[in-house]
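A short write-up of the structure that comes next.
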Amino acid sequence: MLRGGIPIGKAFGIQLRLHYSWFFIFALITFALAGVYFPDTYPTWSLSARIAAGLITSVLFFASVLVHELMHSIVSQRQGVPVQSITLFFLGGVSQITSEPKQPADEFRMAIIGPLTSLVIGGIFLGIYFQLRNVDTFAAQFVTGIVQWLGIINLFLGVFNLIPGFPLDGGRVLRSLIWWRTRNLTRATRIASNVGRVVGFIFIFVGIYFIFTGNWLNGIWLALIGWFLESAAVGSYRQLLMQEMLKGHVASEVMSGDCVVVPPDMTIDHLVNGNILNSGRRCFPVGSGSEIMGLMTLHNVKEVPRDQWTTETVKEAMTPFDKLKWVRPDEELSSVLRILSENNINQVPVVQDSKIIGMVSRENLLNFVHVRSRLGM
Ligand SMILES: [Zn+2]
């Protein structure tokens, strides 16, 4: 769901990104502050003061969300679990953490630091508010207006994230506690994600109730958050089950080895009609002799306009070898899955001695998991 986004820099070695949906929510919050909240609370403010306050508040709000996520990431990295990136999107922030924590205590610390950070930030903003609220100048009023809203919203974020439903921080705290008591990560995840689903459904029902009682904007918002929580809870449990089943297995076990190598000067038209349509294969190593130059997939084919299929060659349309993601035959399947989803690709070639000896696709992985779960293994 959160692939892509615009990189805005790095902090502590972590790539920071803005998802496209973030721009929408940034504009919406700025507009709501400058157009509704500040005019209602401070009717004497000029239009430019409201707009300035709206923008500053919005920027500081997302900076607070970013600090919350950064604290998760810093604690996680300290415990030896690397963090790839943090993406801000329309419901807040999300950290791309490359693997599950190793012990319950690690997860507990990593999860609890987020809400604590929000509560501390909220406390600091409200502290400034209480210092300045009786000072009778425009500058003081301008600052108190901003910090009051930020203080309350950060306290709210801290409390909201403590709700014990996975994947909220509180759900992770709950999972770490059950994990610690039962020593069983799968069971702990199942319980925490079920609580997460219940929380999600409650949000959806309250949202629908709001919509029918006329408070439709808040209703839609709550229902949307509920829907997101519910599907994230289901998704994270499934992902864990999949990781568990893939554990201890490597790429060479599931790869399809019957790769057909196509010559670089073959036209797209020839490839489609002579190879893809009659074999159902989706990707082809491109090369001459034993040398592999790149990989041609359905995705590459679709990039070429139809009327150029008879003139363009696979060499021109393929992904060249040096740009290709690939894995070794002994690569763990869980890390193959991670490579596929991090790069948003459907298959990855298995390379040994700079030769493509097979392909692992999402389908291969799903089949592997499916067959094993049918057999109860
Ligand atoms: Zn958090």
Side-chain angles (χ1 to χ4, degrees), residues 1-2 5 8 11-19 21-22 25-26 29 60-79 81-101 103-125 150-179 188-189 192-193 195-197 199-200 203 221-222 224-237 239-240:
M1 176 174 181
L2 286 177
I8 51 166
F12 302 93
I14 302 158
Q15 179 70 54
L16 310 177
R17 285 207 203 94
L18 296 179
H19 188 253
S21 63
W22 178 83
I25 198 67
F26 180 80
I29 289 183
L60 287 175
F61 168 63
F62 284 104
S64 320
V65 174
L66 198 57
V67 173
H68 170 122
E69 284 307 318
L70 264 177
M71 289 306 289
H72 283 307
S73 301
I74 291 167
V75 172
S76 167
Q77 279 186 331
R78 258 204 211 151
Q79 282 156 180
V81 179
V83 180
Q84 248 208 341
S85 64
I86 293 176
T87 306
L88 289 185
F89 73 120
F90 78 110
L91 286 178
V94 62
S95 306
Q96 228 94 52
I97 295 173
T98 49
S99 63
E100 296 281 348
Q103 304 167 42
D106 288 355
E107 169 150 69
F108 180 83
R109 277 187 224 110
M110 195 196 99
I112 197 85
I113 189 72
L116 289 184
T117 303
S118 292
L119 293 176
V120 169
I121 294 174
I124 293 171
F125 279 129
L150 286 169
I152 293 167
I153 201 87
N154 273 291
L155 290 186
F156 169 78
L157 270 184
V159 173
F160 174 76
N161 272 295
L162 282 173
I163 295 174
F166 205 68
L168 288 173
D169 297 334
R172 289 191 168 272
V173 170
L174 176 69
R175 178 170 87 155
S176 71
L177 294 174
I178 304 172
W179 183 13
T189 309
S193 92
V195 179
R197 295 187 68 187
V199 171
F203 271 80
W221 198 235
L222 275 176
L224 197 63
I225 292 174
W227 170 77
F228 178 79
L229 287 179
E230 202 274 333
S231 52
V234 174
S236 32
Y237 181 56
Q239 200 186 340
L240 180 95

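The structure displayed is predicted, hence computed values, not measured ones. Counting starts at 1 for both ligands and their atoms, following the listed order.
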*Does Ser76 use its side chain to pair, donor to acceptor, with the backbone of Val81 at less than 3.5 Å?*
yes
*Any residue meeting side chain to side chain donor-acceptor pair (under 3.5 Å) with Gln77, in chain and number order, not counting sequence neighbours*: none
_Among residues at least two apart in sequence or on other chains, which ones pass ring-ring contact (aromatic ring centres under 6.0 Å, His included) with Phe203?_
Phe160
*Return the set of protein N, O or S atoms whose distance to the Zn ion (ligand 1) is under 2.8 Å, each given as residue and atom.*
His68 NE2, His72 NE2, Asp169 OD1, Asp169 OD2
*Is it true that a side-chain atom of Glu69 and a backbone atom of Ile86 form a donor plus acceptor pair closer than 3.5 Å?*
no
*Scan for side chain to side chain donor-acceptor pair (under 3.5 Å) pairs involving residues 157-171, sequence neighbours excluded, and state none if there are none.*
His68-Asp169, His72-Asp169
*Determine the interplanar angle of the Phe62 and Trp22 rings, folded into 0 to 90°, and report it as parallel if under 30°, tilted if 30 to 60°, perpendicular if over 60°.*
perpendicular
